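Note sheet for the following structure.
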Amino acid sequence: MKKQLTQLLSLQGVIVKSKKNLEKALVLEVESQSKTPACPTCKKPSHRLHQNHWHLIKDLPWGETEIFLKVNRRQFKCTHCQKPFSEELNFVGKRKKYTDRYAQWITEQVVNSNLLNVAQRNNLTESEVESMINQISQKKLPINLKSLKRLGIDEISLVKGQGKFIVVLVDLDTGKLIGLVPERKSKAIEELLKSWGTEILEQIEEVSMDLYKMYKSVFHKLCPEAVITADRFHVTKLLHQELNQGRIDQKRTALELEIEPRAKLFSSLKGGKYILLRSEKALKQKQKEKLEQIKEASPQLAIMHALKEEFTEIFERCKNVGEGTIKLGDWLMKAEKIFPKTVQTIKNWFGEIVGYFEQKTTQGIVEGINNRLKVIKRCGFGFTNFYNFEKRALLFWHLVDSLA
């Protein structure tokens, strides 16, 4: 039975000596297999037992049964340096009333829920749960960035409607969150990046970002050798905004027309926003028919839609920088009067945008992480403290690694 319980407990270097059944709980008396722990001062093994110190600590439950371990943290007196010391147990921290793996299990629940619910569900206090989160954070954070090569940067709003943004940093190769900055200011971003160290910054080969000049300035300064790639979907978003504004302008123009042509134009444009913005290849037959009605009613929108489709084709079909640069340049000349804002933005970011044709990097991974961060924020009923949010968010992506 003891051997079976030891196997079931599955704690390395620990054997079960006895068990005691309680109502909905089980107490297992355990001891370390090591008889001669090393003295932390002189590093030599000691055989001289000085005192026994028994502790009751909580471990992972077995189904509905709570598990408590009765642990003897023995105190020895070193036979070499004569100093007393308590043996270190690799499965529980000093002065902790729970095992490391129990703390991780509770923390995993918190990052997918909220602190109060997890505390109530596991018969714990909120302060106990918070203590476990802090313990696991110390083991998991800061994150090892030695393999970082491609970095993505974006932002989300921590508190909706207040205009306060936090900056999100992502390893594009692993698809994991690696950093959060409490404010969208160059000084704050530089402070975090510098904390990574010069060696990490010098090994970054590419940075993908939206069309925010401040980001570009920061990385030109701190990572001058990194290739900066502007996300094609942020450019497309600008194009779509200008196309939709064209649709709105056509509605306004219709007010100046006589009754019959006005009614025809209004009828064609009604419900046409997403048909105009969506890729024509993805439209169903009825949507394609609606699109033809819009084009027939508004030649201006027909031209804008054709240029939008051509823009998408350039990024989907061009296989190298040379081809992409030539075709995008031709498109800019045709679109300059039709999409003036988009064209000017592309000209301002031309080098970073055509870099896509070589790197093929997008912000898709970053946008996915942003969506997950919003879920974490909602599960926690919002966060007034940035550092609590940062801790939960980073742990969500890095708890899967084994405990250090």
Side-chain angles (χ1 to χ4, degrees), residues 104 107 111 133-156 158 165-232 234 349 351-353 355-356 358-373 376 385-404:
Q104 173 159 339
T107 303
V111 296
I133 295 171
N134 291 334
Q135 177 188 338
I136 298 302
S137 297
Q138 290 173 4
K139 288 179 174 289
K140 294 292 183 179
L141 309 176
I143 299 157
N144 187 338
L145 300 174
K146 290 184 178 179
S147 62
L148 178 62
K149 299 292 184 184
R150 299 192 307 136
L151 178 68
I153 181 169
D154 203 356
E155 67 278 332
I156 65 166
L158 183 57
F165 292 92
I166 61 174
V167 177
V168 179
L169 298 168
V170 175
D171 185 332
L172 295 176
D173 292 312
T174 63
K176 291 183 177 182
L177 178 74
I178 57 173
L180 292 171
V181 184
E183 53 185 347
R184 192 173 57 174
K185 294 183 179 179
S186 59
K187 184 178 179 181
I189 298 171
E190 286 182 24
E191 185 177 333
L192 176 64
L193 293 174
K194 287 177 180 178
S195 72
W196 292 355
T198 305
E199 185 178 348
I200 299 298
L201 295 178
E202 288 179 347
Q203 74 186 26
I204 296 175
E205 299 174 354
E206 181 187 3
V207 182
S208 175
M209 62 182 64
D210 60 16
L211 307 173
Y212 191 34
K213 288 183 179 180
M214 184 267 284
Y215 292 159
K216 182 162 65 169
S217 299
V218 167
F219 284 98
H220 273 316
K221 178 180 177 181
L222 297 182
C223 307
E225 299 301 318
V227 174
I228 294 178
T229 307
D231 180 47
R232 58 168 283 202
H234 280 84
W349 287 79
E352 291 80 13
I353 290 172
Y356 168 82
E358 181 175 0
Q359 308 294 335
K360 299 294 183 181
T361 301
T362 71
Q363 291 276 78
I365 292 173
V366 183
E367 293 297 332
I369 286 178
N370 283 352
N371 290 334
R372 184 66 225 188
L373 288 172
I376 293 173
N385 186 313
F386 164 77
Y387 297 100
N388 284 339
F389 177 70
E390 177 187 37
K391 202 183 301 176
R392 308 279 178 86
L394 290 172
L395 285 173
F396 179 85
W397 275 273
H398 298 277
L399 262 178
V400 291
D401 304 324
S402 58
L403 280 170

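What you are looking at is a predicted structure, and each value in this text was computed from that prediction instead of being measured. Worth knowing before you read on, the calculation uses all heavy atoms, side chains too, and leaves out hydrogens, waters and symmetry mates.
In terms of heavy-atom proximity, Gly152 sits nearest to Gln363 at CA-OE1, 4.0 Å. Looking at every heavy atom in both residues, Ile369 comes nearest to Gly175 through CD1-O, 3.5 Å. Heavy atoms only, all atoms of each residue included: Val218 and Ser186 are closest at CG2-CB, 3.8 Å. Here the closest non-hydrogen pair linking Ala230 and Ile353 is CB-CG1, 3.8 Å. When all heavy atoms of Trp397 and Leu373 are compared, the closest pair comes out as CZ3-CD2, 3.8 Å. Nearest heavy-atom pair across Phe389 and Ile376 is CE1-CG2, 4.2 Å.
With contacts defined as side-chain heavy-atom distances shorter than 4.5 Å, the pair Val167/Tyr212 does not qualify. Considering only heavy atoms from C-beta on, Tyr215 comes within 4.5 Å of Ile189 through its side chain. At least one side-chain heavy atom of His234 sits under 4.5 Å from a side-chain heavy atom of Glu367. In this structure, the side chains of Val168 and Leu180 come closer than 4.5 Å at one or more pairs of heavy atoms. With a 4.5 Å cut-off on side-chain heavy atoms, Asp231 and Asp154 do not count as touching. Counting heavy atoms from C-beta outward, Ile178 and Trp196 have side chains that approach closer than 4.5 Å. For the pair Leu394 and Lys140, the minimum side-chain heavy-atom distance is 4.5 Å or more. In this structure the side chain of Lys391 reaches within 4.5 angstrom of the side chain of Asn134, judged on heavy atoms.
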In sequence, state the C-alpha distance, the side-chain angles, and the governing distance for Glu352 and Leu211, and then conclude on side chain to side chain contact (heavy atoms under 4.5 Å, CB included). CA-CA 10 Å; Glu352 291 80 13; Leu211 307 173; over 6 Å; no

Could you walk me through whether Ser208 and Leu172 satisfy the side chain to side chain contact (heavy atoms under 4.5 Å, CB included) test, starting with their C-alpha distance in whole Å, then the side-chain angles of each, then the deciding distance to 0.1 Å, before giving a yes or no? CA-CA 9 Å; Ser208 175; Leu172 295 176; 3.9 Å; yes

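Using a 4.0 Å cut-off between charged side-chain N and carboxylate O, Asp171 and Lys176 make no salt bridge.
In this structure, Lys360 places its NZ atom where more than 12 heavy-atom neighbours from other residues, nucleotides or ligands lie under 6.0 Å away. At most 12 non-hydrogen atoms from other residues, nucleotides or ligands lie less than 6.0 angstrom from NZ of Lys221. In the displayed structure, Glu191 atom CD is contacted under 6.0 Å by at most 12 heavy atoms of other residues, nucleotides or ligands.
If you take CD1 on Ile204 and CZ on Arg150, they are separated by 12.5 Å, rounding to the nearest 0.5 Å. Distance check, rounded to the nearest 0.5 Å: CD1 of Ile153 to CZ of Arg184 gives 10.5 Å. Atom CG of residue Leu151 and atom CG of residue Leu193 lie 7.5 Å apart, to the nearest 0.5 angstrom. To the nearest 0.5 angstrom, Ile200 atom CD1 is 10.0 Å from Glu202 atom CD. In this structure, Leu395 CG and Leu141 CG are separated by 5.0 Å, a value rounded to the nearest 0.5 Å. Rounding to the nearest 0.5 Å places CZ of Phe219 at 5.5 Å from CE of Met209.
Of the possible donor and acceptor atoms, one in the side chain of Gln203 sits under 3.5 Å from a partner among the backbone N and O of Lys146.
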